[in-house]
Asker: 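This structure is in structure tokens; I'll ask about it shortly.
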Amino acid sequence: MHTPDSATATHCPYCALQCGMFLRPEPGGATVVVEERAAFPVNRGALCGKGRTAPAVLSSRVRLTGPLVRTHATGALEPATWEEALGAVAEGLARTGRTHGPDAVGVFGGGGLTNEKAYALGKFARVALRTSQIDYNGRFCMSSAAAAHQRAFGLDRGLPFPLEDVPRTGCVILVGSNLAETMPPALRYLTELKANGGTLIVIDPRRTRTAEQADLHLAPRPGTDLALALGLLHLIVAEGRTDEEFIADRTTGWEEARAAAMAHWPELVERITGVPVPKLREAVALFCAPSSAMVLTARGPEQQSKGTDTVGAWINLCLATGRAGRPLSGYGCLTGQGNGQGGREHGQKADQLPGYRKLTDPAARAHVAEVWGVDPDSLPAPGRSAYELLDALGTDVKGLLLMGSNPVVSAPDAARIEDRIRSLEFLAVADVVLSETAALADVVLPVTQWAEETGTTTNLEGRVLLRRRALTPPPGVRTDLEVLHGLAARLGIEKGFPTAPEEVFEELRRASAGGPADYSGISYARIEAEQGVFWPCPQESHPGTPRLFLDRFATDDGRARFVPVSHRDAAEMPDAEYPVLLTTGRVVAQYQSGAQTRRVDELNEAAPGPFVELHPRLASRIGAVEGAPLAVVSRRGRAVAPARITDAIRADTVFMPFHWPGEGRANSLTNPALDPTSRMPEFKVCAVRVEPV
């Protein structure tokens, strides 16, 4: 791999594409500039505005440069030494555990942490704190798709094939994804698909920039994606388009799944979704005409109280037509956060151990305990999922260590979660910036950023990548690994929490060995030499696995499992008091809770604040005026933002982006109703009323 002189090959800190880039030090070496890394195969040099401007957050003008401790005298966060800050955190966590028991101490992680940091954080929770109460914000991102993947295929990896396969398939159904704004460099895969003669179907309640590229755009009512998938499968059966040989040879459970789908006849599905029957038939014809096809889902169908079943219905569609476990075909999830994939594989989730092992599996516990040098019986049982953990703050969970997350902005029913955080006896936050959540902490620990540290991430393809340190961090800043090492030492554990990332990764390799997400054959040297290595990779001589399931699925019998599912309403439906549906999402110039991107001038100029998108008919009915403040009210709260009137959205739906705090906080409105399997909250649909201010 060619690296320009004095430049460091690394990856963007934001989304799960993990675009390749070079960082070149500016004169004086205080910061870096981003340069194109055309040879990296995922983005081939292309970057969005967030990636290009990422070094702006390295500035001491916007980031934390020293620890802060809240003083009793003033009640304010005041500068402190690292010794004082780490001592205060260790004492706060230990005191909580002594007073209320180990499970009164919680740990909340983030999908932006490297694999090394996610691994160390999970180990710290279970070994140093002995708590079961650990989860991470990736639970809000792709957990429904992960659960459906496991249920159908026996293994969860966002994409079971590399992105390079997408332009070579015959048809892509893209469900609830606006790639043009959430992952702009990935849009080229869809334009190349069309240039190669393939077709694109986009399913979204809004006519987004991505939907405008589609050969067919279906705009279902929010919360009805499950009915839509079942209606398409009904038509596939009725029109004799199933692949009976594939079903017989490589699947189980078809009869029950078919019977469930046949209860969703086209006219019923039209009434539920608002999608006309002729468009349903057109979608089936486009999907079934070529010899290969894919379904890709994102947060739209997944962030629902029935998200696992909804993804399962789209998987059933792939299986029934033989579009899975074959070249250029399959179901895939477009993972959102930078390390959302790796973050859940190595121990941040409440129910998982490194290597994607189940915490309830005695053999998994024994293997990981041996690597960690502890008694398997000392490992706690599974704890609460992310929202349930946040909702228990101040009651069952009295103290919290939080790394790389901002739930005051990003959690559903955010006003309630903010109250729960304020009720804690002790809160410590490790972050790059003083986020809205960090501002509530008793201790704030300033940590390094992507350009100042080395570590691995795993992108949406399952490709394990290496970020390389390009800058020396400010003297008052430490790495998360150094933070965990210092806390463990103060809690009486002198060994087991190294600070060198490669040393942590070598331990992660051993802990993952033999597990579903097996990294044991991956090394820093291999990643660098091969532009990333796809897991599973069980030996150093193994080439890695870019394409899963071509010979067999990861189930006990090697067959994929159909799961019978039926449509059910969203947890909250419109009524006379709240007659409109709200859906939420992202804009291209901001990212997640905006804690970092809202500190970049160029991005703020492009997206300065929240807005409410609504249809002209709805605007006329309520008297809304373009640009004037509009209130959106749900059973949980109220948000106010300027009106943006467009016919690119359904007339029964409004849209708000979720990047901002304050009165425009979209998550003040969203419903925390949970999927029973994945425990994913229903961010994508709730009932609201809309009124001019």
Side-chain angles (χ1 to χ4, degrees), residues 144-145 148-149 151-153 159-161 166 169-177 198-204 216 218 220 224-247 250-266 268-269 272-273 275 277 279-298 300-302 304 306-326 328-334 549 553 559-567:
S144 291
H149 252 135
R151 203 161 66 174
F153 304 134
L159 293 181
F161 40 75
V166 172
T169 192
C171 177
V172 169
I173 298 180
L174 186 66
V175 190
S177 171
T199 54
L200 174 63
I201 302 169
V202 172
I203 297 170
D204 198 304
L216 176 64
L218 307 182
T224 64
D225 307 270
L226 175 52
L228 180 61
L230 288 163
L232 296 179
L233 184 52
H234 177 111
L235 286 170
I236 284 169
V237 174
E239 295 176 7
R241 296 179 183 268
T242 55
D243 187 331
E244 296 297 326
E245 182 179 355
F246 178 88
I247 291 169
R250 299 201 60 190
T251 72
T252 61
W254 169 232
E255 294 302 323
E256 295 84 355
R258 179 174 62 185
M262 296 313 287
H264 298 77
W265 59 94
L268 172 64
V269 170
I272 294 170
T273 65
V275 178
V277 172
K279 284 202 167 188
L280 298 176
R281 295 188 183 279
E282 184 181 356
V284 166
L286 290 174
F287 185 67
C288 293
S291 59
S292 61
M294 298 174 178
V295 173
L296 305 177
T297 69
E302 298 164 18
Q304 298 185 31
K306 52 183 181 294
T308 303
D309 284 355
T310 301
V311 172
W314 290 106
I315 291 174
N316 287 349
L317 192 75
C318 292
L319 294 176
T321 53
R323 272 69 187 285
R326 286 176 169 171
L328 307 181
S329 288
Y331 163 78
C333 160
L334 298 170
F549 312 139
F553 294 97
R559 292 170 172 262
R561 304 184 190 99
F562 281 99
V563 178
V565 293
S566 297
H567 174 73

Asker: So, using salt bridge (charged side-chain N to carboxylate O under 4.0 Å, His left out) as the criterion, who are the partners of D204 when residues are at least two apart?
Answerer: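 None.
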Asker: Report the distance from atom NE2 of H567 to atom CG of L226, rounding to the nearest 0.5 Å.
Answerer: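 Here the interatomic distance stands at 6.5 Å.
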Asker: Got a salt bridge between D309 and R151, using NZ or NE/NH1/NH2 to carboxylate O under 4.0 Å?
Answerer: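 Yes, D309 and R151 are salt-bridged.
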Asker: For H149, enumerate each residue passing the ring-ring contact (aromatic ring centres under 6.0 Å, His included) test, keeping only those at least two apart in sequence or located in another chain.
Answerer: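 Here the qualifying residues are F153, Y331.
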Asker: Could you tell me which non-hydrogen atom of I201 sits nearest to which non-hydrogen atom of C171, and how far apart they are?
Answerer: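 Residues I201 and C171, closest heavy atoms: CD1-SG, 4.0 Å.
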Asker: Within the 4.5 Å heavy-atom criterion, are L235 and V277 side-chain neighbours or not?
Answerer: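 Counting from C-beta outward, L235 and V277 never come under 4.5 Å.
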Asker: Going by salt bridge (charged side-chain N to carboxylate O under 4.0 Å, His left out), name the residues that satisfy it together with R258, two or more places apart in sequence or in a different chain.
Answerer: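 For R258, the residues satisfying salt bridge (charged side-chain N to carboxylate O under 4.0 Å, His left out) (neighbours in sequence not counted) are E255.
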Asker: Write down the atom of V311, the atom of A148, and the distance for their closest heavy-atom approach.
Answerer: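 Heavy atoms only, the tightest pair is CG1-CB, 3.4 Å.
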Asker: Test: salt bridge (Lys or Arg N to Asp or Glu O under 4.0 Å). Region: residues 280-290. Which pairs qualify, not counting sequence neighbours?
Answerer: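 Sorted pair list: E239-R281.
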Asker: Is there a side chain to side chain contact (heavy atoms under 4.5 Å, CB included) between T310 and V565 once you walk through the steps?
Answerer: CA-CA 8 Å; T310 301; V565 293; over 6 Å; no
Asker: First locate atom OG of S292, then atom CZ of R323, and finally report the distance between them rounded to the nearest 0.5 Å.
Answerer: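 Answer for the OG-CZ pair, S292 versus R323, is 7.0 Å.
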Asker: Can you tell me how far apart CG (L232) and CD1 (I203) are? Round to the nearest 0.5 Å.
Answerer: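 If we round to the nearest 0.5 Å, L232:CG and I203:CD1 are 6.5 Å apart.
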Asker: How long is the span from the CG atom in L218 to the CG atom in L228, to the nearest 0.5 Å?
Answerer: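 Those atoms lie 6.0 Å apart.
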Asker: For H264, give me all partners under side chain to side chain donor-acceptor pair (under 3.5 Å), at least two apart in sequence or on another chain.
Answerer: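 Applying side chain to side chain donor-acceptor pair (under 3.5 Å) to H264 gives none.
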Asker: If the condition is salt bridge (charged side-chain N to carboxylate O under 4.0 Å, His left out), which residues does R559 pass it with, not counting sequence neighbours?
Answerer: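 In terms of salt bridge (charged side-chain N to carboxylate O under 4.0 Å, His left out), with neighbours along the sequence ignored, R559 is linked to no residue.
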Asker: Donor-acceptor pairs under 3.5 angstrom involving side-chain atoms of residues 312-322: please list them, not counting sequence neighbours.
Answerer:
from : atom 1 : to   : atom 2 : distance (Å)
N316 : OD1    : V563 : N      : 3.4
N316 : ND2    : V563 : O      : 2.8
T321 : OG1    : L317 : O      : 2.9
T321 : OG1    : C318 : O      : 3.2

Asker: Could you check if a side-chain atom of L296 sits within less than 4.5 angstrom of a side-chain atom of V172, using non-hydrogen atoms only?
Answerer: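 Side-chain contact under 4.5 Å: yes.
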Asker: Looking at residues at least two apart in the chain, or sitting in another chain, which of them share a side chain to side chain donor-acceptor pair (under 3.5 Å) with T308?
Answerer: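 Residues passing side chain to side chain donor-acceptor pair (under 3.5 Å) with T308: D675.
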Asker: Which heavy atom of A298 sits nearest to which heavy atom of G176, and what is that distance?
Answerer: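 Distance-wise, the nearest heavy atoms are CB-O, 3.4 Å.
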Asker: Kindly compute the distance separating OG1 (T273) from CG (L280), expressed to the nearest 0.5 Å.
Answerer: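 CG of L280 is found 6.0 Å from OG1 of T273.
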Asker: Measure the CD1-CG distance between I272 and D225 for me, rounded to the nearest 0.5 Å.
Answerer: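 Going from the CD1 atom of I272 to the CG atom of D225 covers 12.0 Å.
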Asker: Among residues at least two apart in sequence or on other chains, which ones pass side chain to side chain donor-acceptor pair (under 3.5 Å) with S144?
Answerer: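 So S144 forms a side chain to side chain donor-acceptor pair (under 3.5 Å) with S678.
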Asker: Are H234 and V269 packed together at the side-chain level, in the sense that at least one heavy-atom pair is separated by less than 4.5 angstrom?
Answerer: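 With C-beta onward as the side chain, the pair stays apart.
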Asker: What residues form a ring-ring contact (aromatic ring centres under 6.0 Å, His included) with F562, not counting sequence neighbours?
Answerer: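 F562: ring-ring contact (aromatic ring centres under 6.0 Å, His included) contacts with W254.
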Asker: Under the side chain to side chain donor-acceptor pair (under 3.5 Å) rule, collect the residues that match up with R250, sequence neighbours excluded.
Answerer: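 Partners of R250 by the side chain to side chain donor-acceptor pair (under 3.5 Å) criterion come out as none, since no residue qualifies.
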Asker: Does any N or O in the side chain of T169 come within less than 3.5 Å of the main-chain N or O of A293, such that one atom is a donor and the other an acceptor?
Answerer: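 Yes.
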Asker: Heavy atoms only: give me the nearest A260-S566 pair and the separation to one decimal.
Answerer: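 That would be CB-OG, 4.1 Å.
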Asker: With sequence neighbours excluded, give me every salt bridge (Lys or Arg N to Asp or Glu O under 4.0 Å) pair touching residues 227-236.
Answerer: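 Pairs touching residues 227-236 that pass the test: none.
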Asker: For the residue pair P160 and F549, what are the closest heavy atoms and their distance?
Answerer: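 Looks like CB-CE1, 3.9 Å.
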